[in-house]
K.L.:
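Below you'll find the structure I mean.
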Amino acid sequence: MKDTQSTPDKDQVNKLRDSILYELKYSLGVTLLTASSSDVFSALALVVRRNQVDDYFSTQERHYQARKKRIYYISMEFLIGQSLRNNLINQGMMEITKAALESLGVDFEIIVRSEEDAALGNGGLGRLAACFIDSMATLDLAGSGHGIKYEYGLFHQQIQDGKQIEKPDDWHSAHSPWLIEHQSQAMIIPLYGRIEEIKDLQGNYNPMWMDWKIIIGVPHDYLVSGYNNNTVNSLRLYSACASDSFDIHIFNHGDYLKAVNQKIASENISKVLYPSDEILAGKELRLTQEYFLVACTLRDVMHDFFLHSTDLNQLPEFVAIQLNDTHPALAIVELMRILVDEHAVDWDIAWDLTQRTCAYTNHTLMPEALEKWSVNLFELLLPRHLQIIYEINRRFLLEVHRWQPERTDLLASMSLIEEMPEKKVRMAYLAIIGSHKVNGVAKLHSDLIKSNLVPDFYHLMPEKFTNQTNGVTPRRWIQQANPRLSLFLDAHLGNEWVTNLTLLTKLRSLASDRDVIAELAEIKKFNKLKLSQIITRQQGITINPDAMFDCQIKRIHEYKRQLLNVLYVINLYHRILDGVVSIAPKVHIFSGKAAPGYAMAKLIIQLINQVALKVNNDPNVNGQLKVVFLEDYKVSLAESIIPAADLSEQISTAGTEASGTSNMKLAMNGALTIGTLDGANIEIRDAVGHENFYVFGLSAEQIAEQRSKGRSPYDEYASNTELKMTVDSLISGFFHADKNLFYPLFNMLVNHGDHYFHLADFSSYCQAQHQALTDYNNTYNWHSRALNTISGMGEFSSDRTIRGYSRDIWGEDSLK
């Protein structure tokens with residue numbers, strides 16, 4: 001049931017209309033008269049899912065018959081957002097659906113908005129994974145995503161008195177119409193237990209993992225449609241449940257509550273995304289989640305493989321496992337355990353098969369962000385896996401010694417086991433040595449992995465290291481988020497750009513066409529009006545849609561430097577009050593969540609909101625400046641902000657952001673960028689033209705040099721009158737009666753090293769901001785540069801990224 005023309009076929013419309021009514025009546029037990037908008041959404045989603053199921057089975061059969069290599073993309077996060085509009089676009093059902101709903105007297109937009117965001121991710125890592133599975137299906141790749149079906153998302157963010165308050169985010173996972181539960185495919189996952197040291201019949205050491213506690217993993221498939229190609233893959237999400245309703249032994253001894261609590265504890269594994277790891281219980285649950293995910297996935301991997309072959313030597317020919325960051329690194333150990341313990345494969349052969357099957361994507365340059373797990377916790381939770389890690393490490397250190405026999409220091413620095421101050425397993429090192437490829441996600445990031453993060457590993461095994469710059473799917477981030485821009489591109493390029501984004505380069509020839517630029521400006525104005533209405537509804541603030549919309553939307557973190565942005569706002573506010581400047585209207589828009597235990601990030605949110613309260617209610621500003629913090633940042637909110645942005649804030653400290661993807665989405669939608677030479681910013685700047693990128697700040701090399709020499713943030717603060725005035729306002733009582741409230745931010749900047757170089761980059765940032773605001777006054781020139789920016793973004797499609805993974809990591813066969 002797909003659109004074949006711009007005017008939908010009446011028969012198709014009527015057929016879809018009848019199908020929606022059927023699902024309302026027989027699946028949901030309501031009539032159109034009594035149905036809520038949520039009911040109509042669910043009925044429509046069930047109809048769309050039925051089409052997906054047909055395509056899914058034909059896709060799987062086609063891939064099986066072609067004996068395609070299968071890609072298993074394992075990630076702790078998949079930030080999917082809403083799926084209805086995306087599925088309608090990819091399945092070619094948009095116009096039919098609008099017509100069918102209209103015939104029922106139902107508003108399409110209301111139905112779309114009634115869908116809850118699937119809250120299976122935190123930020124860029126999870127959204128990247130969602131873009132990747134979209135591209136895998138669009139490229140007809142035999143691939144699937146694998147994650148956890150969290151009952152609750154990260155959290156629902158509310159802002160109360162300027163502070164972030166976390167509330168449970170129940171995204172209706174239990175009755176999502178997109179999820180297909182497979183109870184019959186439930187799998188047994190062992191945890192805890194002990195190792196019995198025994199020998200086999202031949203006298204060889206044969207440890208037995210015994211007396212485990214059993215968790216049941218139940219798979220659920222979230223079907224993923226490729227664009228206009230009838231390919232449907234799956235995102236497989238696992239939920240945890242107890243092996244029996246109760247532990248009968250405990251129950252029979254009369255401890256009913258303990259039996260119930262054990263059942264609850266088992267099912268907590270898939271209850272919530274990323275619990276706090278500040279206490280031992282939190283760390284135990286997090287490691288349990290990571291093992292639960294890889295153990296479930298590996299059971300699916302082996303089941304699928306044995307459909308093709310019983311010869312385990314062929315495993316790398318049929319299977320590629322991609323580890324999205326260190327969280328799934330236990331897949332390496334679990335695969336070794338399966339091969340060695342369950343299939344009696346010789347260790348050396350098993351290790352070769354494991355390395356050729358697995359590949360690892362690194363997403364962080366900060367050593368403190370690389371996962372390390374306590375050996376004691378491993379011994380408690382996964383005793384057999386700890387044994388395997390020690391054996392992997394023993395053999396690897398022998399290799400290190402053969403490579404550099406005189407460098408005994410390397411045996412400690414490259415060991416999988418960190419000895420001091422507490423014995424811990426270095427998961428990134430495990431991922432590196434257990435994979436045949438290790439990739440960064442931007443050129444600078446990949447270079448810094450080799451030179452700064454793990455240089456010894458690179459020198460030992462340089463052939464493993466490669467780069468795959470991130471990308472985003474244009475189906476979601478242009479077609480769905482910005483339909484007017486999509487129609488503009490269709491009109492000027494044809495519709496092939498959707499799967500061949502490099503066609504955007506043809507727009508450059510239109511950059512001097514005044515009619516085209518006026519058309520683009522009108523699209524931006526329309527999107528800004530829509531966002532202004534959202535801001536007014538949420539916060540009661542009236543926004544001038546002709547103002548420059550300066551947007552920083554991402555997870556709140558010190559290295560992403562929302563604090564630098566708000567320091568500039570404070571400086572600009574003071575200059576307006578002092579009469580030093582008079583500016584064209586400007587709106588600074590922030591959105592993002594801080595981790596619940598991250599006190600400094602939560603304080604930055606409070607500062608932004610206090611500054612907003614002061615600025616927005618000061619009549620002396622006279623409409624020149626507004627500050628907005630939009631609460632509960634998620635995919636559907638991003639889809640409203642990104643098309644409306646004029647200026648994209650990508651201001652992380654150089655050398656800290658692995659890649660970034662919001663930088664790509666915003667530029668793709670015509671926002672000019674202000675940013676440091678960090679992550680993918682460098683490649684974006686080269687692609688869109690240096691004149692369309694407001695670069696500022698120290699480079700990664702300069703940052704490293706200053707860190708090695710030592711610097712004095714206090715001297716930077718004391719020697720710059722304007723900077724000092726701005727920073728002092730944090731503790732002057734100007735923004736809050738409690739002068740101590742923001743003292744931790746002041747203290748971090750001035751007395752505690754300013755680790756992320758806010759003060760060092762402040763003056764350069766202010767100059768770049770001033771230039772951008774000056775340039776914005778030339779409306780025609782600004783939108784002409786916006787068109788040139790869009791024209792340069794063809795290389796930042798996730799389709800290009802996935803082609804790179806397929807070619808350089810998974811093997812050419814994966815795309816045949």
Side-chain angles (χ1 to χ4, degrees), residues 162 539 541-544 546-552 561-590 603-629 646-647 649 651 674 694 696-697 713-743 745-751 754 757-778 782:
Q539 304 200 352
I541 300 171
T542 301
I543 299 297
N544 180 357
D546 291 322
M548 174 194 272
F549 282 23
D550 179 323
C551 300
Q552 188 172 18
R561 297 203 297 192
Q562 285 90 354
L563 180 57
L564 178 60
N565 188 342
V566 77
L567 287 174
Y568 163 73
V569 171
I570 292 170
N571 176 261
L572 180 60
Y573 175 44
H574 281 302
R575 295 177 77 204
I576 292 171
L577 293 183
D578 294 342
V580 177
V581 295
S582 177
I583 64 169
K586 188 178 191 194
V587 184
H588 277 258
I589 298 170
F590 297 85
L603 196 58
I604 290 168
I605 291 176
Q606 193 171 0
L607 175 63
I608 293 168
N609 282 297
Q610 285 302 130
V611 171
L613 187 65
K614 184 85 171 177
V615 170
N616 297 341
N617 291 287
D618 190 336
N620 296 308
V621 174
N622 195 27
Q624 294 177 76
L625 181 64
K626 292 283 179 75
V627 182
V628 174
F629 188 96
D646 292 305
L647 190 66
E649 297 270 356
I651 61 176
I674 182 169
Y694 295 96
F696 76 92
Y714 181 83
D715 289 344
E716 295 166 353
Y717 155 80
S719 62
N720 184 328
T721 304
E722 199 166 346
L723 173 61
K724 184 175 187 303
M725 178 273 295
T726 301
V727 175
D728 284 349
S729 67
L730 298 178
I731 56 171
S732 68
F734 186 73
F735 290 109
H736 198 282
D738 181 359
K739 295 182 180 181
N740 292 319
L741 178 61
F742 298 120
Y743 181 77
L745 295 174
F746 174 90
N747 196 38
M748 177 271 290
L749 291 170
V750 176
N751 301 319
D754 182 24
F757 287 71
H758 298 78
L759 303 186
D761 281 352
F762 177 78
S763 294
S764 176
Y765 178 57
C766 289
Q767 290 168 12
Q769 280 279 11
H770 174 72
Q771 186 61 55
L773 195 52
T774 301
D775 292 347
Y776 185 74
N777 289 325
N778 186 334
W782 183 273

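Reckoned from all heavy atoms, side chains included, excluding hydrogens, waters and symmetry mates. Here, residue 1 is the first one in the sequence, and each next residue gets the next number. Here the structure is a predicted model, which means the values were calculated and not measured.
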K.L.:
So do W782 and N777 actually touch side chain to side chain, heavy atoms under 4.5 Å?
P.N.:
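A side-chain contact is absent here, since even the closest heavy-atom pair is not under 4.5 Å.
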K.L.:
Hey, does the side chain of N617 reach the backbone of L613 with a donor-acceptor pair shorter than 3.5 angstrom?
P.N.:
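Looks like yes, one N/O pair under 3.5 Å.
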K.L.:
Can you tell me how far apart CZ (F696) and OG (S763) are? Round to the nearest 0.5 Å.
P.N.:
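Rounded to the nearest 0.5 Å, the CZ-OG separation comes out at 11.5 Å.
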K.L.:
Under 3.5 Å, side chain of D754 to main-chain N/O of P713, donor-acceptor pair present?
P.N.:
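No, the answer is negative, given that no donor and acceptor are paired below the 3.5 Å cut-off.
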K.L.:
Indicate the atoms forming the closest heavy-atom contact of L773 with A584, along with that distance.
P.N.:
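It is CD1-O, 4.3 Å.
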K.L.:
Could you measure the distance from the OG1 atom of T726 to the CD1 atom of I570? Nearest 0.5 Å is fine.
P.N.:
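The CD1 atom of I570 is 7.0 Å from OG1 of T726, to the nearest 0.5 Å.
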K.L.:
Just one of V611, V566, I589, I608 clears the side-chain contact (heavy atoms from CB on, under 4.5 Å) bar with F629, so which one?
P.N.:
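That would be I608; it is the only one of V611, V566, I589, I608 passing the side-chain contact (heavy atoms from CB on, under 4.5 Å) with F629.
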K.L.:
Start with the C-alpha distance between R561 and E649, add both sets of side-chain angles, then the distance that settles salt bridge (charged side-chain N to carboxylate O under 4.0 Å, His left out), and finish with yes or no.
P.N.:
CA-CA 10 Å; R561 297 203 297 192; E649 297 270 356; over 6 Å; no
K.L.:
Could you report the tightest heavy-atom contact between P585 and N544, atom names first, then the distance?
P.N.:
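For P585 versus N544, the nearest heavy atoms are CG-ND2, 3.8 Å.
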K.L.:
Sub-3.5 Å donor-acceptor pair from the side chain of N720 to the main-chain atoms of E716, do we have one?
P.N.:
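No, the answer is negative, given that no donor and acceptor are paired below the 3.5 Å cut-off.
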K.L.:
Do H588 and Y568 have their ring centres less than 6.0 Å from each other?
P.N.:
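Yes.
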K.L.:
Are D775 and Y694 close enough, and set up right, to give a side-chain contact (heavy atoms from CB on, under 4.5 Å), and what steps lead you there?
P.N.:
CA-CA 11 Å; D775 292 347; Y694 295 96; 2.6 Å; yes
K.L.:
Do Y573 and D618 meet the criterion of a side-chain donor-acceptor pair at a distance under 3.5 Å?
P.N.:
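Short answer, yes.
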K.L.:
Heavy-atom distance under 4.5 Å between the side chains of Y717 and D728, does that happen here?
P.N.:
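In contact.
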K.L.:
Going by heavy atoms in the side chains, are R575 and E722 under 4.5 Å from each other?
P.N.:
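They are in contact (side-chain heavy atoms under 4.5 Å apart), so the answer is yes.
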K.L.:
How many angstroms lie between CD1 in I731 and OH in Y743, if you round to the nearest 0.5 Å?
P.N.:
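Result: 7.0 Å between the selected atoms.
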K.L.:
I need the minimum non-hydrogen distance between V621 and I576, along with the two atoms involved.
P.N.:
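Closest approach of V621 to I576, heavy atoms only: CA-CG2, 4.3 Å.
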K.L.:
Side chains of D550 and Q769: any donor to acceptor distance under 3.5 Å?
P.N.:
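There is such a pair between these side chains.
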K.L.:
Are H770 and L572 side-chain neighbours, meaning at least one heavy-atom pair lies under 4.5 Å?
P.N.:
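No, every pair of side-chain atoms sits at 4.5 Å or beyond.
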K.L.:
So, do F762 and Y765 have ring centers that fall under 6.0 Å from each other?
P.N.:
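No: the rings miss the under 6.0 Å criterion.
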K.L.:
Is there a donor-acceptor pair under 3.5 Å between the side chain of N747 and the backbone N or O of N751?
P.N.:
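No; zero donor-acceptor contacts below 3.5 Å.
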K.L.:
Got a second to check how far L745's CG is from H758's NE2, nearest 0.5 Å?
P.N.:
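Output value for this atom pair is 9.0 Å.
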K.L.:
Run Q606 and L741 through side-chain contact (heavy atoms from CB on, under 4.5 Å) and show every step you take.
P.N.:
CA-CA 10 Å; Q606 193 171 0; L741 178 61; 3.6 Å; yes
K.L.:
List the atom of S764, the atom of G697, and the distance in Å for their closest heavy-atom pair.
P.N.:
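So the two residues come closest at OG-N, 3.0 Å.
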K.L.:
To the nearest 0.5 angstrom, please state how far the CG atom of L567 sits from the CG atom of L759.
P.N.:
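Reported value, rounded in 0.5 Å steps: 7.5 Å.
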K.L.:
Go through L625 and N616 one step at a time and tell me if the side-chain contact (heavy atoms from CB on, under 4.5 Å) criterion holds.
P.N.:
CA-CA 7 Å; L625 181 64; N616 297 341; over 6 Å; no
K.L.:
So, the side chain of K626 versus the backbone of V615: is there a donor-acceptor pair under 3.5 Å, distance only?
P.N.:
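Answer holds: no.
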K.L.:
Does any N or O in the side chain of Q771 come within less than 3.5 Å of the main-chain N or O of A768, such that one atom is a donor and the other an acceptor?
P.N.:
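No: the side chain of Q771 does not pair with the backbone of A768.
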K.L.:
Nearest 0.5 Å, what's the CG-NZ distance between N609 and K614?
P.N.:
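Those atoms lie 15.5 Å apart.
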K.L.:
Nearest heavy-atom pair of F735 and Q610: which atoms, and what distance?
P.N.:
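Heavy-atom minimum between the residues: O-NE2, 3.0 Å.
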K.L.:
So, the side chain of D578 versus the backbone of V580: is there a donor-acceptor pair under 3.5 Å, distance only?
P.N.:
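Here the side-chain-to-backbone pair does not exist.
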K.L.:
F734 vs H574 aromatic rings, parallel, tilted or perpendicular, using cut-offs 30° and 60°?
P.N.:
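Ring orientation, 0 to 90° scale: tilted.
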K.L.:
With a 4.5 Å heavy-atom cut-off, do V587 and M548 have their side chains touching?
P.N.:
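No, their side chains stay 4.5 Å or more apart.
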K.L.:
Is there a side-chain contact between S582 and Q624, using heavy atoms and a 4.5 Å cut-off?
P.N.:
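Yes - at least one pair of side-chain heavy atoms lies under 4.5 Å apart.
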K.L.:
Any idea which heavy atoms bring I541 and V628 closest together, and the distance?
P.N.:
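Distance-wise, the nearest heavy atoms are CD1-CG2, 4.3 Å.
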K.L.:
Flag the pair L647 / Y776 as yes when at least one side-chain heavy-atom distance between them is below 4.5 Å, and no otherwise.
P.N.:
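No, side chains not in contact.
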